[in-house]
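Beneath this line is the structure, given in structure tokens, with notes to follow.
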Amino acid sequence: MTLSVIIVNYNVKYFLETCLLSVEKAMQNIDGEILVIDNASTDGSYQFFKKRFDGVRFFWNQQNEGFAKANNEALRYAQGEYILFLNPDTILPEDCLEKCLAFIMEHSNKVALGIRMIDGSGIFLKESKRAFPDPLTSFFKLSGLSGLFPKSKTFARYHLGHLSERENHEADVLAGAFIMVPKYILEKVGLFDESFFMYGEDIDLSFRIQQGGFKNYYFAESNILHFKGESTRKESFNYVKMFYKAMSVFVKKHYGKGRAGIFNFFIQIAIFFRAGMALLQRFLRWLGLPILDVLLLLASFYLISLFWATYIKSDVVYSPHLLWIAFPVFTFIFTLSFWVAGLYDLGYKQSRLNKAAMVSILIILSFYSLLPEALRFSRGILVVGSFTAFGLMSLLRVILVKAHVMEKLPTEDSVNQTLVVGGRRDYDNLQRLFPAQEDGAYLLEDPTQSNSAKASWLHTVNQYHIKDIIFCEGQLSFKEMLAYLQLLPRNVKAGIFAKGSHAILEANYSSNENIKKGSENWRLNNPIYLRTKNLFDICFSVFILLTFPFHLLFKKNCFGLFSNCFKVLSGKKTWVGYSLPEPSLPQLKSGIITTTSLPVYKNNLPEINLHSKDKLYATYYHVFIDLNLVKRGYKYLSDRSL
């Protein structure tokens, strides 16, 4: 047998499904086998694969053994002359394995091979080629200096930034996502070191391959898609600590205690530096930005009031006590609107800032108009001060985006169209499994093998301002999809839908929670809508309590109504909840009434209809839906049987 492909799975069944579909096609002309070892997944992988992929050998561990141990276990069953260790979150083009095997054979079977990798946006992954992490190289990487000088032979040595990604090179480290090696080399240098649970085992194996007299190569004549790239998981402080631990094990093992001490010194400095940067960014994003907004608002109102009193209405004397009370109140209204609009946790979008600012100004002017004449000071100060603050806050966010402290979110079109690149049959399969949403439309483009195909779908993307695109494997090959992916504009989000799969894998997403399965794009997963629902619960409860004389006249069980108000205010319940237990939907507290406007015990529809109601509620939630439901179900709001 020529080739054994070994894949370790842990809670990524949809990624693994597409990976296996691509590997099977890449193995069509190769005498080989595919072995999957599952590390006690809890996502239903066993049931999902139990009656699928008859040509794949599955092994089911009862506990998570770690990456190294699981690979070693599968290797004992492998019969191939060559071994490929492959991550489940990868997609291979059809000719990838044949090209890799040919390269190894051309080098007399004395080399191990890594490969050029791209992420879900088509961007090259720098981890495809790396150097060994000696103390100085690791310090440059963890401190961020390698990012400042990405082409430097010295500072960017960790990712061999001075070497072209489009050419084959000798490289120190083979990325664990794809390692192809003759089996006899593994028998000589040893298997993965099981003292590495996560990270570092690929570096250790690469080091021992070189120590055994063989060479490691970075292969650029083909590429694979690797969803879990560095951009999605390796910038967190958590990763720095895990990387440090793995590298410490590696250095102690191969460099001796003396160099390990130097390594630890540099790493501690790098970790301190990275932790400081992470804390600074977190402060600006979660606490610093609201504080900066408050300072800008107070400064704007105060400076405009001085300007107004000096140059506009110099004959009017404004009470300083009144201004010191009014300005903080207006500032609070602004920041509360920004918080509700999600401006402090969802990145920067100018349209969202515009809407939140306009709502704040209208609320402030309405509040001002209700004040007695004696308490009013100047509508002009309010308007000019508000717009001055709005301009400064917009400028602040532009600066933070330019400094990469804040992410700028893409602008939403009035109609969110999704372009499907594939054949008519692929499109029909997609529509059958994943019906188009009401707020979007699928556009069909039939690419051919001609050179004009690329220009055709790219022209459609640009002409219609497409923000979402789905490449369908079927009429398109995996190789063509990977090629097209690398041509996408940066502001377009891509998805991969393989023939026979049950999910659309989306760009740069690294967990099953972010995979499109059917039309599961719940609004109640969006913090803005969830926050709005919570705010509605509070406001409606307060409204009921403030209007209690009215309810005494029209409700028989007012005590139950007021009791439910306090349950909602204390966070134990919500006014509108699901009709059924819905583990697959965004979680909500139990409701006083349900999505049918009835309490649970009054629902007598079939479960399939109740589930449909709940699903529509989670998908298209809006505060006016809650308002309409409580209006229709008013007589049940005092129900205390739940």
Side-chain angles (χ1 to χ4, degrees), residues 336-337 339-342 345 359 363 435 437-439 513 517-642:
L336 180 62
S337 297
W339 175 73
V340 172
D345 60 357
V359 168
I363 292 174
Q437 297 291 326
E438 291 180 8
D439 57 349
E513 295 175 0
K517 302 181 288 296
S519 57
E520 298 176 10
N521 189 17
W522 322 121
R523 277 187 175 178
L524 283 179
N525 268 337
N526 187 318
I528 291 179
Y529 287 101
L530 193 58
R531 187 177 297 140
T532 303
K533 179 173 174 59
N534 292 333
L535 193 60
F536 170 81
D537 281 345
I538 294 171
C539 292
F540 187 72
S541 300
V542 172
F543 171 78
I544 292 291
L545 294 174
L546 292 177
T547 57
F548 72 92
F550 171 85
H551 304 292
L552 287 173
L553 294 175
F554 293 95
K555 295 289 290 182
K556 293 182 179 179
N557 183 12
C558 269
F559 181 77
L561 178 64
F562 299 147
S563 173
N564 285 339
C565 285
F566 289 112
K567 288 178 182 178
V568 172
L569 288 172
S570 65
K572 295 179 180 178
K573 289 184 178 290
T574 181
W575 283 112
V576 180
Y578 294 134
S579 304
L580 297 169
E582 299 283 6
S584 63
L585 297 181
Q587 293 303 295
L588 296 177
K589 295 182 283 288
S590 61
I592 306 300
I593 60 174
T594 67
T595 55
T596 63
S597 77
L598 301 173
V600 170
Y601 74 94
K602 285 281 187 179
N603 285 323
N604 54 12
L605 290 172
E607 285 195 5
I608 188 171
N609 299 106
L610 295 175
H611 176 70
S612 178
K613 283 275 190 184
D614 292 345
K615 189 174 181 180
L616 287 171
Y617 180 81
T619 304
Y620 301 109
Y621 174 79
H622 195 278
V623 67
F624 291 111
I625 294 178
D626 274 355
L627 193 59
N628 187 50
L629 288 171
V630 296
K631 182 178 70 173
R632 285 165 44 195
Y634 173 73
K635 69 177 182 177
Y636 299 111
L637 296 183
S638 57
D639 186 271
R640 292 195 295 158
S641 62
L642 298 179

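As a basis for the values below, the full set of heavy atoms in this structure was taken, side chains included, without hydrogen atoms, waters or symmetry mates.
The shortest distance between side-chain heavy atoms of L569 and L545 falls below 4.5 Å. K589 has its side chain out of reach of K572: every pair of non-hydrogen atoms, C-beta onward, lies at least 4.5 Å apart. A 4.5 Å side-chain heavy-atom check between N628 and H622 finds every atom pair outside the cut-off. Contact of the L580 side chain with the T594 side chain is not registered, since no non-hydrogen atoms from C-beta on lie closer than 4.5 Å. Proximity of K533 to V576: side-chain heavy atoms (C-beta onward) are separated by under 4.5 Å at one or more points. Using a 4.5 Å cut-off on side-chain heavy atoms (C-beta onward), L585 and L524 make no contact.
One finds the CZ atom of F536 at 11.5 Å from the CD1 atom of I625 (value rounded to the nearest 0.5 Å). Taking OH from Y636 and CG from L629, the interatomic distance works out to 13.5 Å, rounded to the nearest 0.5 Å. To the nearest 0.5 Å, atom NE2 of residue H551 and atom CG of residue L561 are 6.0 Å apart. Of the inter-residue distances, the one linking T596 atom OG1 with N603 atom CG reads 3.5 Å to the nearest 0.5 angstrom. The line from NE2 of H611 to OG of S579 is 11.0 Å long, rounded to the nearest 0.5 Å.
Across all non-hydrogen atoms, the minimal contact from Y578 to A618 is OH-CB, 3.8 Å. Taking all atoms of both residues into account, the shortest heavy-atom contact from T595 to K613 is OG1-CB, 3.7 Å. Residue S597 comes nearest to R632 through the heavy atom pair OG-NH2, 3.6 Å, listed as atom of the first residue, atom of the second, then distance. In terms of heavy-atom proximity, R523 sits nearest to T619 at CG-O, 3.0 Å. Pairing each heavy atom of I592 with each of L637, the nearest pair is CG2-O, 3.6 Å. D537 and S541 make their closest contact through O-OG, 2.7 Å (heavy atoms, listed as atom of the first residue, atom of the second, distance).
Y621 and N525 share no donor-acceptor pair across their side chains, judged by distance under 3.5 Å alone.
For S563 (side chain) and F559 (main-chain N/O), no donor-acceptor pair under 3.5 Å exists by modelled atom type. Although no hydrogens or angles enter the test, the distance criterion places no donor-acceptor pair under 3.5 Å between the side chain of D639 and the main chain of I593. Not one N or O on the side chain of D626 forms a donor-acceptor pair closer than 3.5 Å with the backbone of W575.
A 6.0 Å sphere centred on CD of Q587 holds more than 12 heavy atoms belonging to other residues, nucleotides or ligands.
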